[in-house]
**Q** 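First the structure, then my questions, so here it is.
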Amino acid sequence: MRAPFPRRRSFALTTLDKTFEPASAEARLYRGWEDSGAFTANPASNAAPYTIMIPPPNVTGSLHVGHALTMTLQDIFIRFRRMQGRDVLWQPGTDHAGIATQMVVERLLDKEGVSRKQLGRETFLSRVWQWKAESGGTITQQLRRLGASPDWARERFTMDEGLSAAVREVFCTLHDQGLIYQDKRLVNWDTVLQTAISDLEVESRETKGSMWHIRYPVEGGEEIIVATTRPETMLADTAVAVHPENEKFKHLIGKLVTLPLTERRIPIVADEYADPEKGTGAVKITPAHDFNDFEVGKRHNLPMPSMLDRQGRIMLAELGELPEFVRGLEGKDRFAARKEIVAELEARELLVEVKPHPHAVPHGDRSGTPIEPLLTTQWYCNAEVLAQPAIRAVESGRIKFVPQQWENTYFAWMRDIQPWCISRQLWWGHRIPAWYAPDGKVFVARNAEEAQAKAGPGVELTQDEDVLDTWFSSALWPFSTLGWPEKTPELDKYYPTDTLVTGFDIIFFWVARMIMMSLHFMDDVPFRTVYIHGLVRDEKGQKMSKSKGNVLDPLTLIDAYGTDALRYSVAAASGQGRDVKLGAKIVETNRGFITKIWNAARFLEMNGVKPNPAFKPEDAKLPLCRWILDATERAVTQATEALDGFQVGAYAQTCYHMVWGDFCDWFIEFAKPGFASGDAAEIRDTAAYVLGVLLRLMHPLIPFVTEELWDHFGYGAEYSLIAAPWPGEIAVNDAETARREVQWVIDLISEIRTVRSEMNVPPSLKSPVLLQDAAPATLARAEAWFEAISRMARASEIGPLTGTPPKNAAQAVLGEATIILPLEGLIDLDAERKRLAGALAKAQA
RNA sequence: GGGCGCUUAGCUCAGCGGUAGAGCAUCACCUUGACAUGGUGGGGGUCACAGGUUCAAUCCCUGUAGCGCCCA
């Protein structure tokens, strides 16, 4: 039996500050990385590429927590692959965001009392460019605060000349192939923004509407009652439809009704669209103002007059001769007109009833205004043709979604894809490369000269006024940023890219369209894996919104707790595809992890730990050292597997347990007596080695604190952790034996602690530990680890039990042996008996 | 109406055909020499419900309920 190690005060020096100060360190480290060229891709290198295209944030954007999530995830993958020695390209850039940007600048002009139209197209556009020059860099500056490490020198903007050339090339080619065309059909018209928008930009909102039942007189004296949610559009009705099998109305099919108010005569047609179960079973048909009615109108060859203008006001020009009441509606807003029409119908006793009818009404996602289906001429892209190879690419596994369930969503949409309306009645964007001759002939060309050549000399051409949907240029992002249509070394090396990281909300807007365009023009997939992450919500799981006032500002969180704490928080919370719940409290708690790492390193430094390049893990002899090296090896393997499988949450958790559990709770505690022993050198070397591995392992997750410690300990040159190699296999001599031995010690200490705690032994009192039936090897272990056991389990001595167990001893079983803790004199036995009696009574009650 | 997902400790979530896990919260104890942004220990679960497959189901299958999202 040995006495406990003597009390000793340590006055070893440390040069590390008491705590990590992110505010001062982050900016300095970031500059250091950027200046060192660590972010730079190198097309000339022989290293295998790894590429991520950043989802270009809107140039009007400012950093929100969604960016914090998506950029952290991307930066983790990027830094991981960079450390693995890949030639990494993280392509940054911003999106011109047609509608959003135009709205921002128009709002500014509004304050000056000027309108866009007063300025005229050219002046307005120069104002937008001016705004972009002044304010367009906000978002990219803010991305730096997250520690994001893209190749900034390669930053692109969707309206750069090169990218615009790509847009024109794609437009002209698709037009030549018949895949882009003009068509007059119903579009979703935003009456506020005064532009067409695509199906995707429409969101349906549940609205408390009404169902009006209106009497339409049929020739021969009968009447038919139609049900509608939009009475005002009856001005442009061109038929009433009933189901062909509907016995109630069968006899009326083919007869004419007199449309109330306008007094026009329109037919009753048979069409399966008229659901006998809905409303009255008879439905009015307004082909120019309803998508379903438009289809019915086409099937029955009905006229399609419009009765609303582009502001959503009543327009009578196409309706022919009209009675006075209707003429009085001209120019009135559609909702005002609805009231007047309903009142008039009521006055004429044509209104049978009004039923409350909650239903979904389409709204513009930007303007929030009800969408008006309008018959206009627009440019369309034949998405159905482009979708076929894109569907096959996912079916065949050439592109994989993670989590895979999103493939279902993708397929469902792609297999029922509609023509994509790509023209927008805006000024800010890529102007449609089409020119019109005075006779209306259209010439699609890459530029005005080419158009002129096509039209012939002397023909006066005017360019199409419209611009393209913003998503048209985003769809080309994976190759347009690399210089396409030029043949560039970048295109050669980095296409196809590896991973796309984005949210599910833009699978259709962006992901699907990139896949379609890329396959068509590059003849290869744009990326191999689509990693879809969830949404960031508040602590309660609610969506963040300004109106709820629960929006978290990532910059505020960074200022308060540091970027590493924020990154760790979002990464750890991001189970595959799950929504991420985030609150200041969570980030604050996780800052504790950063502090823990810092303090562990600080303690090691105090004890003379510094990197020893001559140290080889396979030469480690002490079980303690072999054990921690082996544990580290397993953590490295787990973390690498997790990152390979896009399991960022599991990666974060592995790091957490390795550092806080194995390294701090056990290894460092075991090492404390070791630092004062003859084994100190190997323990120091091992500690330094393991710390070096862990800093590398965690760098993608928490880049700042790890780089700071790496630099401070001198593992490499300043700012070199970002470029350090990812930890590989760690050779450990007979890891199995070391693992068994240390695990036994851990179990022993845990058992003693549990028993002592349950028996309420005051920590200040040490107790002997006796081992009954212990094998000689077990006793030898106990002896060898005595100092650690003494410290950590408050053991005064440890040895075999000789004779019979003492009275009043607590017991626990560990392996073949029984641990015996004599408690005589350590606890108040009477108090303990009372406590147990009380517990027993409670259990029996 | 169609599709997808979720339901495991008070909360947030892992897990997996074979003895239920983590973090946070909670309770008790501890100014032990890196860290009170800390340490140690405890309590706490019919794994939504009902069937089925199986030697064995929290896990696989079917259904039900509740919640969420997408599409119409």
Side-chain angles (χ1 to χ4, degrees), chain A residues 4-12 14 16 18-20 199-200 202-204 275 277-278 291-292 359-360 362 403-413 415-416 418 504-505 507-508 534-535 537 539-543 561-562 565 568-569 572-583 585-607 609 647 649-650 652-654 656-657 660-661 663-665 668-669 671-673 675-676 749-766 790-794 835 839 842:
Chain A
F5 74 102
R7 254 169 173 269
R8 180 180 71 84
R9 285 214 93 78
S10 163
F11 291 108
T14 173
L16 276 175
K18 190 100 202 283
T19 53
F20 177 55
D199 298 343
L200 287 175
V202 176
E203 55 185 38
S204 40
D275 183 348
E277 305 299 319
K278 268 192 186 159
F291 286 94
N292 289 311
H359 63 294
Q404 201 182 357
Q405 54 170 97
W406 288 110
E407 291 179 5
N408 293 329
T409 310
Y410 172 83
F411 287 137
W413 188 68
R415 285 175 181 148
D416 185 35
Q418 299 301 307
F504 55 82
D505 48 333
I507 290 178
F508 305 144
L535 208 68
R537 298 169 175 275
E539 309 87 322
K540 293 178 206 138
Q542 291 186 306
K543 243 179 175 170
Y561 311 112
Y568 178 82
S569 299
S574 79
Q576 274 205 348
R578 278 202 99 85
D579 286 348
V580 170
K581 287 180 189 151
L582 192 69
K585 206 156 173 263
I586 295 168
V587 183
E588 185 182 5
T589 300
N590 285 325
R591 181 182 52 180
F593 180 52
I594 308 300
T595 307
K596 185 76 181 178
I597 296 167
W598 184 262
N599 277 306
R602 201 165 144 263
F603 175 73
L604 295 179
E605 190 192 37
M606 281 186 214
N607 284 278
V609 169
Q647 313 237 12
Q653 205 170 38
T654 298
Y656 186 95
H657 281 126
W660 210 309
F663 192 61
C664 290
D665 291 346
I668 290 182
E669 292 304 322
K672 282 174 180 175
F675 283 140
I749 292 169
S750 301
E751 287 293 352
I752 297 172
R753 280 171 169 172
T754 304
V755 169
R756 286 179 59 104
S757 177
E758 280 176 347
M759 295 295 155
N760 290 325
V761 181
S764 54
L765 297 178
K766 293 201 165 192
S790 164
R791 277 179 65 89
M792 297 166 71
R794 315 299 292 156
R835 186 185 67 81
K842 204 177 161 192

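Every chain is numbered from 1 and lettered A, B, ... according to where its sequence line falls, protein lines coming before strand lines. If you're wondering where the values come from, they're calculated on a predicted model, not measured in any experiment.
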**Q** So does A:Gln647 reach the base of B:rA14 with its side chain, donor to acceptor, closer than 3.5 Å?
**A**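 By the distance-only test, no, there is no pair.
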**Q** By ring pair (Phe, Tyr, Trp, His ring centres under 6.0 Å), which residues pair with A:Tyr656, not counting sequence neighbours?
**A**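 A:Tyr656 satisfies ring pair (Phe, Tyr, Trp, His ring centres under 6.0 Å) with A:Phe593, A:Trp660 only.
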**Q** Using the P atom in both, what is the distance from B:rG3 to B:rA9, to the nearest Å?
**A**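 Straight-line distance between the two P atoms is 30 Å.
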**Q** Please report the distance, rounded to the nearest Å, between CZ in A:Phe411 and C1' in B:rC70.
**A**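 Nearest whole value for this atom pair: 17 Å.
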**Q** Is there a donor-acceptor pair under 3.5 Å between the side chain of A:Arg794 and the backbone N or O of A:Pro762?
**A** no
**Q** Between N or O atoms, less than 3.5 Å apart, protein on one side and nucleotides 25-29 of chain B on the other: list the pairs.
**A**
none

**Q** Whether A:Lys596 contacts B:rG39 is assessed here as follows: a side-chain N or O lying under 4.0 Å from the phosphate OP1 or OP2. Is that the case?
**A** yes
**Q** Tell me what A:Thr409 touches on the nucleic acid: a base, only sugar-phosphate, or nothing, going by heavy atoms under 4.0 Å.
**A** nothing
**Q** Taking 4.0 Å as the cut-off, does a side-chain nitrogen or oxygen of A:Trp660 come that near to OP1 or OP2 on B:rA34?
**A**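 No, A:Trp660 has no side-chain N/O under 4.0 Å of OP1/OP2 on B:rA34.
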**Q** How far does the C1' atom of B:rU12 sit from the matching atom of B:rU26, given to the nearest Å?
**A**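 One C1' to the other, the span is 15 Å.
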**Q** Using whole Å, what does the distance between atom P of nucleotide B:rG41 and atom CD of A:Glu751 come to?
**A**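 Computing the A:Glu751:CD to B:rG41:P distance gives 11 Å.
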**Q** For the P atoms, the ones on B:rC13 and on B:rA36, what distance do you get once it is rounded to whole angstrom?
**A** 31 Å
**Q** Counting Watson-Crick and G-U wobble pairs with both distances under 3.5 Å, what is the dot-bracket string for RNA chain B, 5' to 3', using [ ] for crossing pairs and | for pairs to another strand?
**A** (((((((..((((....[..)))).(((((.......))))).....(((((..]....)))))))))))).
**Q** Using a heavy-atom cut-off of 4.0 Å across all strands, would you classify A:Glu203 as base, sugar-phosphate, or nothing?
**A** nothing
**Q** Taking the P atom of each, how far is B:rG1 from B:rU64, in whole Å?
**A**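 Going atom to atom, P in each nucleotide, I get 13 Å.
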**Q** Please state the P separation for the pair B:rU37 and B:rU32 - nearest whole angstrom.
**A** 14 Å
**Q** Return yes if the base of B:rA34 and the side-chain atoms of A:Lys18 contain a donor-acceptor N/O pair under 3.5 Å, otherwise no.
**A** no
